[in-house]
Structures are given as C-alpha cells and as structure tokens.
Amino acid sequence: MSTDAFFASLTRVRNVILPTAVRSWLNTSRGLLTGFILVHLGFLIFGAMLSLRGEAFSDTFIYRDWAAAGFNEANLTGGPSPWVYPILALIPMAIAGLAGPGPFFFLWVLMTTLLNGWGLAKLTDRGRNQDAIPAGWWWLIFTLLMGWLGFARVDGLTAPIVLVALAYGVGRPFIASVILAAATWVKVWPAAVMLALFAVVKNRLVVVLAGVATSAVVVALAAAVGSVPKLLNFLTQQGDRGMQLEATFTTPWLWLSVLNIGDSRMYMNTDINSMQVDGPGTAVMSVLMQPLLILAALLVAGLTFWALHNGKLNGNHADAVDRTELLLAGALTLTTAFVVFNKVGSPQFMVWLAPAVAVGLAHSWREWRVPAAMLIAIAVATFFIYPLFYDALSHNNPLMAAVLTIRNVFLVVLFLWSVRRLYSLGKKTPASVPALKES
C-alpha cells in the first residue's frame, strides 16, 4: 500500500467516525481551544487531587525534595543530586516549591499547562492560521498520549519552549536562538535544535551572539547565588552511568536479560534513580555511546549544511532552498539522533521529537504526515511501557520487552526517514516546495 493510499484510508475512517459538522467545528480556533482546555483540565484535576493529599508524581517527588532542601546536597539524605540538571531547571522547581511541598505538584502541572498554551498559541498564530489548526490537534493528541511523561518531568517544560523557538524559526533567528539557549540551560537536548538553526540561517553570527549573551546572563545568575562551581556539573554527573533499560542500543542486552543468557540482568541504579542493564560488553558499550552520539550529531549537522548549499546549487537562484523545511528536518534528525544514540533512554525523551513534527505539520502537512504517524505510534508504545507496565518490563516480562523493542525500531526508522528527508532536500528542490519560507 502506498503512503497516499494509507492516509486516504485513515481519512475515510475519520470521516465515518466524525460527522462533517463536528469536523468543521474541530477545525476552528474555538474547537482547538476547547480541546486544549479539556486535555489539560484532566491533568490539572488529577494534579490537584494528589497535591491535596500531600503527594506528587514520578520525578516531581525528587524535584520537590530538592526544592525543600534549597538545592543543597548536604540537606538531602541520598538519591540524585539536583545538579544533574542545568541551573535554569531549578527555577521552575523553586517556583513550584514557593508555597511549600503540599501544592508543589499542582503548580508544576499548571506551569506545564501554561507553557503548552504558549506553544499552541504560537503554532497556530493564536488560532488565526487555519492551516495550522490540524497541527495543533496533533500536538494535543500527542500530549495526551504521552500522559504524565509530559507533565511530571522537566522535559515537558522544555518541549513547548522549543516549539515556540521553531515557530519563530529562520525568520526571527535571534529570538529563536535566545529561547533555545535558555531551554538548553534547562535540559541539554534543545542544543540539537540550536545546531540545526545555526546550520540553516543566513546570518550565523546572530545565533552565536544570542547563545553567548544568554549564557552570560545564566553565568551572572549563577554568580549571584554562589553556584558557579556547580554550573557545569550536569555535564559530568551522569558520565559513569551504564546502559539504561529503555535505550535503543540496550535492546540486545534487554533480551539477553529476559532470556537469562550470559549473566545479563536488570538492576536499579539508586544513585540516579534509573533502571539499567548489565551484561557482557555493556561497560564497553556505555563508554562508546558518548563519542557515538557526538559523531552522529556532527554527521547530521554536516548533512544539514550540505543540504543547504547543494540545494542552492540545484535551484534556479541562490535562495531556492526552503530554509524553514531544512531547519525542521535538521531539528528532527538531530533530536532523533540524541535519542537513538543515547545510553540514557528515558521514556520522557520522546517529547523531544514532537516540536519539530508539530511545526512541520503546520508548514507542510503532506510532507510531515509520515513522521507524525510514526511519533503517535511511538507515543502509544511508550505509554504502555511507562507508566502502565514498567514494573513488568523491569522484571523481564517478554511481552513488554517486545513492546519496547518495537518502540525502539520505530525510533530507528524515524531517524532513517529524517536522514533521507535531509538528503532529498539537498539533492533537489522539489517544485511543490515554496522557494523560500522564513516565517
């Protein structure tokens, strides 16, 4: 079955399920706003219920303890250090902890909701861009499927911020770079998107200056609170960790553990609150993953540079290549590389992939429907892995190992699709692609 035939079948199914009047209403700004409210209201209500009982959820338990301890390791009784994150990640934790530990989780979910609202408003130009409404719905559906992975982790705060930066894109590179630099000081992965932006904009000095200026502000902030010695701890805190259970390259050892072969086993690394896999060759693989990730990122960045300049040569004039499409393709390829070639495979990493796809759908639905469909499948598989059946997975359940394997295969396929897309953009300039779209 061809791609067109597959998506035509999905459209027919949708048309059977949803009457024309409902589809028309959903494709309005009011319909999208209603969807946003309903999706996030559910998370807010659940967050409020847990907070009223004095509880949190998932990693927010750790964030809450850090905030209560003033982010001072001497006040903690064990577990990971707050400095496994870049310094700006501690700001939302501190804000959520202002009213004490009780409402911490609700305030955290509320902050994520506000940021998601900002991202959706920018994506659709506050509902005025009718063509972007379907992309907004895709973003909401993905958010719903990822569940608490987007509302109880720092990654969920950075995803809508990166979405906003990509929406500014090559048309406003300074603003996009400032946003991405700030997001990188919350969680490292937005650096991949900033590298893609650097590769495709006309004035790369703007990207560099924006990054330097933002980092200078961060250093000044760290100096003001006396934290300069710990500023770069996040680069070394997790360097000695092993192969995490869910990581793509861990898949062979996952099955060795499930089948009880070669003394392979799963175990909890309590120092960093991470389930890992140990077995023949895992120590060597763990050491190799960091340089492999760096090499993959450099190769993708090089491919993005090549696509830009080769696309110009194949066009009718110097600006024949679509820089926005290159930015989005490069951002998706780099972030997917950050996931696939990472020895840490935490399930919340899947939210990294959504911003580029969401903005891509708004830019060209037809070109981006394939990765959008793959990412929905990845989100569904990830939801089964965590939070539904993670305990079974960590106890060598073969069915859940199969689900994780399928998810990891989808990630590799998504990476290969992204690489192929970048190559095709550089190989020729399709007639269907706008000559230059910088906004």
Colleague: How close do Val200 and Leu326 get, heavy atom to heavy atom, and via which atoms?
Modeller: CG1-CB, 3.9 Å
Colleague: Would you call Glu325 and Arg421 a salt bridge, using N to O less than 4.0 angstrom?
Modeller: yes
Colleague: Between CG of Leu232 and CD1 of Ile87, what distance do you get to the nearest 0.5 Å?
Modeller: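 Rounded to the nearest 0.5 Å, the CG-CD1 separation comes out at 10.0 Å.
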Colleague: If the test is side-chain contact (heavy atoms from CB on, under 4.5 Å), which one of Val413, Val412, Leu411 qualifies with Val409?
Modeller: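 Among Val413, Val412, Leu411, the one meeting side-chain contact (heavy atoms from CB on, under 4.5 Å) with Val409 is Val413.
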Colleague: Just checking, Lys122 and Tyr168: is the charged tip under 6.0 Å from the six-membered ring centre and within 45° of the axis?
Modeller: yes
Colleague: Between Ser177 and Ala210, which heavy-atom pair has the shortest distance, and what is it?
Modeller: CB-CB, 3.4 Å
Colleague: Using side-chain hydrogen bond (donor to acceptor under 3.5 Å, both in side chains), reason through Ser215 and Trp185 one step at a time and then give a plain yes or no.
Modeller: CA-CA 8 Å; Ser215 297; Trp185 281 104; 3.1 Å; yes
Colleague: Given Leu166, which partner from the list Ile179, Leu180, Leu123, Val193 fulfils the side-chain contact (heavy atoms from CB on, under 4.5 Å) test?
Modeller: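 Testing each of Ile179, Leu180, Leu123, Val193 against Leu166, the sole residue satisfying side-chain contact (heavy atoms from CB on, under 4.5 Å) is Val193.
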Colleague: Side chains of Ser274 and Asn269 only: does a donor on one sit below 3.5 Å from an acceptor on the other?
Modeller: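 No - no donor-acceptor pair under 3.5 Å links their side chains.
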Colleague: How far apart are the closest heavy atoms of Arg369 and Arg366, and which atoms are they?
Modeller: CG-O, 3.3 Å
Colleague: Evaluate the side-chain proximity of Glu55 to Phe105: yes if any heavy-atom separation is below 4.5 Å, no if none is.
Modeller: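 Sidechains of Glu55 and Phe105: no contact.
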Colleague: Where do Phe415 and Phe341 land on the ring-ring contact (aromatic ring centres under 6.0 Å, His included) test, with the steps shown first?
Modeller: CA-CA 10 Å; Phe415 175 70; Phe341 296 95; 5.4 Å; yes
Colleague: Please check if the distance between the ring centroids of Tyr85 and Phe234 is under 6.0 Å.
Modeller: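 No: the rings miss the under 6.0 Å criterion.
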Colleague: Suppose we call two aromatic rings close when their centres sit under 6.0 Å apart. Are Phe46 and Phe151 close by that rule?
Modeller: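 No, they do not, as the ring centres are separated by 6.0 Å or more.
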Colleague: Determine the sole option in Thr333, Leu332, Leu334 for which the side-chain contact (heavy atoms from CB on, under 4.5 Å) test with Thr336 is passed.
Modeller: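 The passing option is Leu332.
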Colleague: Applying the side-chain contact (heavy atoms from CB on, under 4.5 Å) test to Val351, which of Thr382, Thr158, Val162, Asp155 qualifies?
Modeller: Asp155
Colleague: How far does CG of Leu308 sit from CG of Leu327, to the nearest 0.5 angstrom?
Modeller: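 Going from the CG atom of Leu308 to the CG atom of Leu327 covers 11.0 Å.
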Colleague: Can the ring centroids of Phe349 and Trp352 be said to lie less than 6.0 angstrom from one another?
Modeller: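 So the answer is yes for these two rings.
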Colleague: Answer yes or no: are there more than 12 heavy-atom neighbours, outside Phe61 itself, under 6.0 Å from its atom CZ?
Modeller: yes
Colleague: Which distance, rounded to the nearest 0.5 Å, do you find between the CD1 of Ile133 and the CZ of Arg128?
Modeller: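 With rounding to 0.5 Å, CD1 (Ile133) is 11.5 Å from CZ (Arg128).
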Colleague: Is it true that Ser58 and Arg153 share a donor-acceptor pair across their side chains at a distance under 3.5 Å?
Modeller: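 Indeed, the side chains of Arg153 and Ser58 share at least one donor-acceptor pair under 3.5 Å.
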Colleague: CG of Leu353 to CG of Leu375: how many Å apart, nearest 0.5 Å?
Modeller: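 Result: 5.5 Å between the selected atoms.
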Colleague: For Phe36 together with Trp137, are the ring centres under 6.0 Å from each other?
Modeller: no
Colleague: Using a 3.5 Å distance criterion without hydrogens, assess whether the side chain of Arg265 forms a donor-acceptor pair with backbone atoms of Ser257.
Modeller: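 Judged by distance alone, no pair lies under 3.5 Å.
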Colleague: Are more than 12 heavy atoms from other residues, nucleotides or ligands located less than 6.0 Å from atom CZ of Phe384?
Modeller: no
Colleague: In terms of side-chain heavy atoms, does Ser9 have a donor or acceptor partner in Arg12 at a distance below 3.5 Å?
Modeller: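 Yes, side-chain donor-acceptor contact under 3.5 Å.
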Colleague: Please walk me through it: do Asn408 and Thr251 pass side-chain hydrogen bond (donor to acceptor under 3.5 Å, both in side chains)?
Modeller: CA-CA 8 Å; Asn408 288 345; Thr251 304; 3.1 Å; yes
Colleague: Between Phe57 and Trp148, does the ring centre distance come in under 6.0 Å?
Modeller: yes
Colleague: Aromatic rings His309 and Phe305: how do their planes relate, parallel, tilted or perpendicular, breaks at 30° and 60°?
Modeller: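 Plane angle under 30°, so parallel.
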Colleague: Test Val201 against Asn203 for side-chain contact (heavy atoms from CB on, under 4.5 Å), laying out the working first.
Modeller: CA-CA 6 Å; Val201 296; Asn203 189 352; 5.7 Å; no
Colleague: Using modelled atom types and a 3.5 Å cut-off, is there a donor and acceptor pairing between side-chain atoms of Thr60 and backbone atoms of Ala56?
Modeller: no
Colleague: Of Val186, Leu235, Val188, which is the lone residue that meets side-chain contact (heavy atoms from CB on, under 4.5 Å) with Pro86?
Modeller: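 Per the side-chain contact (heavy atoms from CB on, under 4.5 Å) rule, the option paired with Pro86 is Val188, out of Val186, Leu235, Val188.
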Colleague: Taking atom types as modelled, find out whether Gln244 and Ser346 have a side-chain donor-acceptor pair closer than 3.5 angstrom.
Modeller: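 Per modelled atom types, Gln244 and Ser346 side chains form a pair under 3.5 Å.
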Colleague: How long is the span from the CD1 atom in Ile378 to the CG atom in Leu145, to the nearest 0.5 Å?
Modeller: 12.0 Å
